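Quantities reported herein were computed from a predicted structural model and do not represent experimental measurements. Chain naming here is simple, since letters A, B, ... match the order of the sequence lines and numbering starts at 1 in each.
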Amino acid sequence: MDKVLLAHGGGGSKSAELVERVFQRFLRDPLLLEMGDAARLPGRSGGAFTTDSFVVRPAFFPGGDIGRLAVCGTVNDLAVMGAEPLYLSIGFIIEEGFPVRDLERVLASIAIACRQSGARIVCADTKVVERGKADGIYINTSGIGRPVFKKPVHASRVKPGDAVLINGPLGLHGIAVLTARNEFGLKASVKSDVAPLWGLIRKCRALDVPFMRDPTRGGLAQTLNELVRKRRFGARIVEAELPIPKKVAAVCDLLGFDPLHVANEGKVVMVVAEKDAEKALRLLRRHPLGKGARRIGAITAVHPGRVVMATRAGSERIVMPPVGEILPRIC
Amino acid sequence: MSKDAELNRLAGRLRSLPARPGTRIMEVCGTHTVAIRRFGIQKLLPEGVRLVSGPGCPVCVTPERFIDEAVSLARQGVAVASFGDMLRVPGSFSSLERERADGRDVRAVYSPLDALAQAEGTGKETVFLAVGFETTAPAIAAVALKAVEKKAANFSLLTALRLVPPALKALIGEIPQGDAAAQPPAGSGLAGFLLPGHVSAIIGKHAYDFLLGHGLGGVISGFEAVDIVSSLLLLLAMHEKGIYEIVNNYTRVVRDQGNEKSRGVMAEAFAVADAEWRGLGAIPASALELRPAFAGLDARRRFAIKVESAPPRLGCRCGEVLRGLVDPPACPLFSKACRPDHPLGPCMVSAEGSCSAWVTYG
């Protein structure tokens, strides 16, 4: 590896290769090496701390924009650690010539997303670079949260028999951004699902939820594979139970994508102890972001380290994470 | 009956079908290879029946030299526009993805029309990599006609278009090949071909009539699980009875006579030529090249393309995989040195490649 390729930013196995072979040679803090969505800070209160950068192209897309994405991305990374998002920092890198009116639109969405999520932006920074040295606007957010789940949300507690749940339809964000680019002559009226998930996730705080993750870049396939990698359990999902909207399936068919690889920004994959699974579904369905919540599979000891899907044809297949970039700059 | 129930009924029939041991069916098309593995259909076959992949993955059969030519163009400062799956394919010494990281102008497009629009928009010399089979050739031919009509002076094509029937003829020994390494699929037991749906929509079902003389059947199939399972049922039934036909089992898309209009556009821009296939060697009359009237659009005439011939890749058995002689795990590199995130051979690079489908879907 001598050059960074776009594929290294895709969130799939190429990204993992860059992290393991380059980053981790230099940055080796034990908290960082846990590779969670957020770091668990030491101490009795044990806060959660995370950061994320946003370079989505175009900055405005059906259902959202880079501002809403920047708040939701970080808030959701905290939420899936079972932590209530409290404080955010935000940093802007803006290209010379970026319209102030567009900046105002982005800021308005940031304010709305903050209100919806309950988090406060308490520090901020702006840099401007020469025209052509960036593409419009990039945003970084970091966030601190307070763990409130009764039982620790930690993948080491996942066990065979646990249920795998999702809160609604898959693939909306990726397809919305893709069609917003007008590159493919596609006109699918798909809106991004970008939304802050804390309000939904907190409903399950009293239940036994050993694992949550928002299936963003790399989609559901990436999330489940990260969960089972090097573990003594695998995941088994059922194709007929997966909520994949017709429009998403149609675009994926056309472009040769696997819907399980497409990014989501308002979804959470929950692994819930079987005894609490039905209760979790009931709680999730009471929230607007969880109306489509359903059980899509289970944790199994039969094929450790692997994600397998029971297909509609009555057979089964392996579900692998995507290899490189499916779509660069999706978030 | 619900779609899933219908599928389950057909799958149940397939599994319980009597079949002779050692029976093989070749799926020609890369999209079928992926669909079969995605649905897990290879596990629903009766005892003794196997599916083998054929030469219908465009990236897989495109010679390494073609990538080298494209890299040479990119290094000359020409904008190279290509279907996305070509970008990761390793040439002898580089790939287009690497050239892009080095700052060359390489773009993924989803249609040759986008490439022409890009040429017009940027004013820059733009070459579209024209690869694929009869499916993509008509769209590329249409763009060639349009470029001439618009007098687009900065747009050209680097062609590696291939035809499906000649490859099948070479596989079954209908036409002789210069390359002694290319033999018909080993042994008997080949029951027939699962024929490509989209290619057939252009060329029609009679383009495969030559199979009948070899005691081989063919079923043109769509890409849904139901399409594939029902097509396999038809093929195995033919083989069992010893009656061979070409059946169009994808009538919602394919007309028996194909699409004459598309063939007309293709014939206007392209002439049939001999060509080298990766893995299959030289096959007479198996490619499309621009007609002399379109010489102005031919990137090979427009630019001085220099490529050194590369040493063959040691150990890679893509050639045999493409001819259905071996399954991917028989290759010593498979899933070890050669993986989807680090592909050595073309069958691992392309999402439609047999090796990639084996790793990806198990």
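- Summarising the geometry, atom CG belonging to A:Leu178 is positioned 7.5 Å from atom OH belonging to B:Tyr110; distances are rounded to the nearest 0.5 Å.
- Taking a 6.0 Å sphere around NZ of A:Lys191, one finds it holds 12 or fewer heavy atoms contributed by other residues, nucleotides or ligands.
- Under the 4.5 Å side-chain criterion, counting only non-hydrogen atoms from C-beta, A:Asp2 is in contact with B:Arg98.
- Of the inter-residue distances, the one linking B:Leu44 atom CG with A:Thr311 atom OG1 reads 6.5 Å to the nearest 0.5 angstrom.
- With a 4.5 Å cut-off on non-hydrogen atoms, B:Thr360 touches chain A through its backbone and its side chain both.
- Here the closest heavy-atom approach between residue A:Ser315 and residue B:Lys43 is recorded as OG-CB, 3.5 Å.
- With a 4.5 angstrom heavy-atom cutoff, B:Ala11 touches chain A only via side-chain atoms.
- Looking only at side-chain heavy atoms (C-beta outward), A:Asp258 and B:Tyr361 come within less than 4.5 Å of each other.
- The parts of B:Arg38 that come within reach of chain A are both its backbone and its side chain, each placing non-hydrogen atoms under 4.5 angstrom from that chain.
- Put simply, CD on B:Gln42 and CZ on A:Arg317 are 11.0 Å apart, with the number rounded to the nearest 0.5 Å.
- For B:Arg13, the CZ atom is loosely surrounded, since the number of other residues' heavy atoms within 6.0 Å does not exceed 12.
- Taking each heavy atom of A:Met320 and B:Val359 in turn, the nearest pair found is CG-O, 3.8 Å.
- More than 12 heavy-atom neighbours from other residues, nucleotides or ligands sit within 6.0 angstrom of CD on A:Glu96.
- Top candidate by heavy-atom pairs under 4.5 Å with chain A, chosen from B:Ile41, B:Thr31, B:Leu113, B:Asp102, is B:Asp102.
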Run the salt bridge (charged side-chain N to carboxylate O under 4.0 Å, His left out) check on A:Lys14 and B:Asp341 step by step: do they pass?
CA-CA 6 Å; A:Lys14 278 273 182 189; B:Asp341 57 349; over 6 Å; no

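- Listed here is the closest heavy atom pair of A:Lys3 and B:Ala101: CD-O, 4.3 Å.
- The contact between A:Val4 and chain B is made entirely by backbone atoms, counting heavy-atom distances below 4.5 Å.
- Heavy-atom distances place no part of B:Val229 under 4.5 Å from chain A, backbone and side chain included.
- Environment of CZ in A:Phe23: sparse, with no more than 12 heavy atoms of neighbouring residues, nucleotides or ligands closer than 6.0 Å.
- Shown here for B:Asp4 and A:Ala240, the closest heavy-atom pair between the two residues is OD2-CB, 4.1 Å.
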